[in-house]
Amino acid sequence: MKELRFFCSPIKTPLVELSPAEAHHMIRVCRLKVGDTIELFDGAGTLAEATIAELARRRVQLKVEKIRHTSPPSSNQIIIAASLAKSQRFDWLIGKCTELGVDRICPIIFERTVKLAQGKNITQRFEILALAAAKQSRRIFLPRIDPPALLSAALEMLKNDYPAGRILLGSLSERAQHLLESLPENGDVIAFIGPEGGLTEEEEYLLRAGGAAEVRLTDTTLRIETAAVAFTAILAVQRDSRFKTGTKT
C-alpha cells in the first residue's frame, strides 16, 4: 500500500510543519499517529519521505527523512483555456484535468459565458480543487490556475508565455480537422474551448487571427468540461507515450 501524501511548502530538513488544513486532514480524517510514515510534495517537483514527530490539535510536525527533486518540464505543456461553466461543472473540469496531467488552466470569460462570481476567492477555490486532485492522482507538479480573464487578454497572455505554442480551437465547423489528424508532433499546445452558447463572430476572428487552428473532437456537441477532459486526455497520452518511447525533444 502506498503511503499517504500531503502537501507541504517549502520542504526542508530536518523538520517541517503542515498547514492547519493539511494537519486537520491528517489527524481527523486519516487518523495517523506519531511514528507513522507519509509522503510530502510541494507541487513544484519536490517529493519527500517523512515521519510524524509530533501531533497536537491542529499542529503536525514531521521529520523529513529523504528528499527527491524533479525538474519541472520546460516544453510540451498542455494548456486548457476554457470558458467558465455554471454550477459545479468547472470544479469537475479542474479536478479531472489535473488528474490527467494538464499543466495550466485558464478560465476564460467569453461574450456568451454564463456570468459567475470572479476574483481572488474563486481562483483560490480552483487551486484547492487542483491540490486535492493532485494528491489523489499522485502527481508531483501542480497545474497553474489563472484568474478568470477576458478572451482578448488571455489570448495575448498565452501567446506571450508560449510564443512557439500551437493554438487549437474546439469547433464543429466544416473546416475543422479531427484532432487526431492535426496533432502537433511536439511543443506546447493551447486548447481553447468556447461557451456552450458558441463564439461570437468577433471572438472567432480574434482566435483565427491569433493563429488558432479549428479542430473537432467528435461529431457531437460536447459540454465545456467534457471537451476540456477530452483535449487533456488525448494530448497527455500523446505526450507521455512520446516521452516513454524516447522521441521527446
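Annotation: ring-ring contact (aromatic ring centres under 6.0 Å, His included) contacts of Phe126 (sequence neighbours excluded): Phe90. Judged as a ring-ring contact (aromatic ring centres under 6.0 Å, His included), and not counting sequence neighbours, the contacts of Phe7 are Phe41. Contacts of Arg139 classified as salt bridge (charged side-chain N to carboxylate O under 4.0 Å, His left out), with partners at least two apart in sequence or in another chain: none.
Within 6.0 Å of CD on Glu111 lie no more than 12 heavy atoms contributed by other residues, nucleotides or ligands. Few gaps surround CD on Glu65; more than 12 heavy atoms of other groups in view lie less than 6.0 Å from it. The neighbour count for Arg138 CZ, taken as heavy atoms of other residues, nucleotides or ligands under 6.0 Å away, is above 12.
Leu84 is not listed as a side-chain neighbour of Val114, based on a closest heavy-atom distance of 4.5 Å or more. Contact of the Arg144 side chain with the Asp161 side chain is registered, since non-hydrogen atoms from C-beta on lie closer than 4.5 Å. Inter-residue side-chain proximity for Val237 and Leu100 is flagged as unmet; no heavy-atom pair is nearer than 4.5 Å. Looking at Leu168 and Phe231, their side chains come closer than 4.5 Å, going by heavy atoms from C-beta outward. Under the 4.5 Å side-chain criterion, counting only non-hydrogen atoms from C-beta, Leu172 is in contact with Thr221. Taking 4.5 Å as the limit, every side-chain heavy atom of Leu32 sits out of range of all side-chain heavy atoms of Leu55. Between Glu214 and Arg208, some side-chain heavy-atom pair lies under the 4.5 Å cut-off. Counting heavy atoms from C-beta outward, Thr70 and Leu47 have side chains that stay 4.5 Å or more apart.
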Stepwise side-chain contact (heavy atoms from CB on, under 4.5 Å) check, Arg104 with Tyr162
CA-CA 12 Å; Arg104 184 171 178 177; Tyr162 309 94; 3.2 Å; yes

Begin from the C-alpha positions of Lys96 and Glu99 and carry the test salt bridge (charged side-chain N to carboxylate O under 4.0 Å, His left out) through to its verdict.
CA-CA 5 Å; Lys96 298 308 176 186; Glu99 289 179 30; 3.6 Å; yes

Applying side-chain contact (heavy atoms from CB on, under 4.5 Å), run through Thr226 and Leu217 and close with a yes or a no.
CA-CA 10 Å; Thr226 309; Leu217 293 163; over 6 Å; no

Steps toward side-chain contact (heavy atoms from CB on, under 4.5 Å) verdict (Ile145, Leu129):
CA-CA 10 Å; Ile145 311 291; Leu129 292 167; over 6 Å; no

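Residues Val16 and Pro10 share a closest heavy-atom pair of CG1-O, 4.1 Å. Considering every non-hydrogen atom in both Ala50 and Leu40, the closest pair reads CB-CD1, 3.9 Å. The minimum heavy-atom distance between Phe6 and His25, with the atom names listed, is CE2-CD2, 3.6 Å. Closest of all the heavy-atom pairs between Cys97 and Thr232 is SG-OG1, 3.4 Å. Taking each heavy atom of Gln77 and Pro73 in turn, the nearest pair found is NE2-O, 3.2 Å. Closest approach of Thr46 to His69, counting heavy atoms only: OG1-ND1, 3.0 Å.
To the nearest 0.5 Å, atoms CG (Asp36) and CG (Leu4) are separated by 9.0 Å. Taking OG from Ser74 and CG from Asp188, the interatomic distance works out to 8.5 Å, rounded to the nearest 0.5 Å. Here the straight-line distance linking atom CG of Leu142 with atom NZ of Lys135 works out to 10.5 Å at 0.5 Å rounding. Note that OG of Ser171 and CD1 of Ile193 are 12.5 Å apart. Values are rounded to the nearest 0.5 Å. To the nearest 0.5 angstrom, Phe110 atom CZ is 8.5 Å from Ile224 atom CD1. Leu199 CG to Arg112 CZ: the interatomic distance, rounded to the nearest 0.5 Å, is 8.0 Å.
Side-chain atoms of Asp91 never come within 3.5 Å of backbone atoms of Ile94 as a donor-acceptor pair (strictly under, hydrogens ignored). In this structure, Arg239 contributes its side chain and Gly101 its backbone to a donor-acceptor pair below 3.5 Å. No side-chain donor-acceptor contact under 3.5 Å links Asp103 to the backbone of Ile79. With hydrogens and angles disregarded, a donor-acceptor distance shorter than 3.5 Å links the side chain of Glu203 to the backbone of Thr200.
Leu158 is not connected to Val102 by any chain of hydrophobic side-chain contacts under 4.5 Å among Ile, Leu, Val, Met, Phe, Trp and Tyr, and they are in different clusters. Note on Leu183: it clusters hydrophobically with Ile78, by side-chain heavy-atom contacts below 4.5 Å among ILVMFWY residues. No path of Ile, Leu, Val, Met, Phe, Trp and Tyr side chains, each step under 4.5 Å between heavy atoms, connects Leu206 with Leu150, placing them in separate hydrophobic clusters. Placement of Val64 and Ile140 in two distinct hydrophobic clusters is found when ILVMFWY residues are connected by side-chain heavy-atom separations under 4.5 Å, directly or transitively. Follow the hydrophobic side-chain contacts under 4.5 Å out from Ile190 and you never reach Leu235; the two are in separate clusters.
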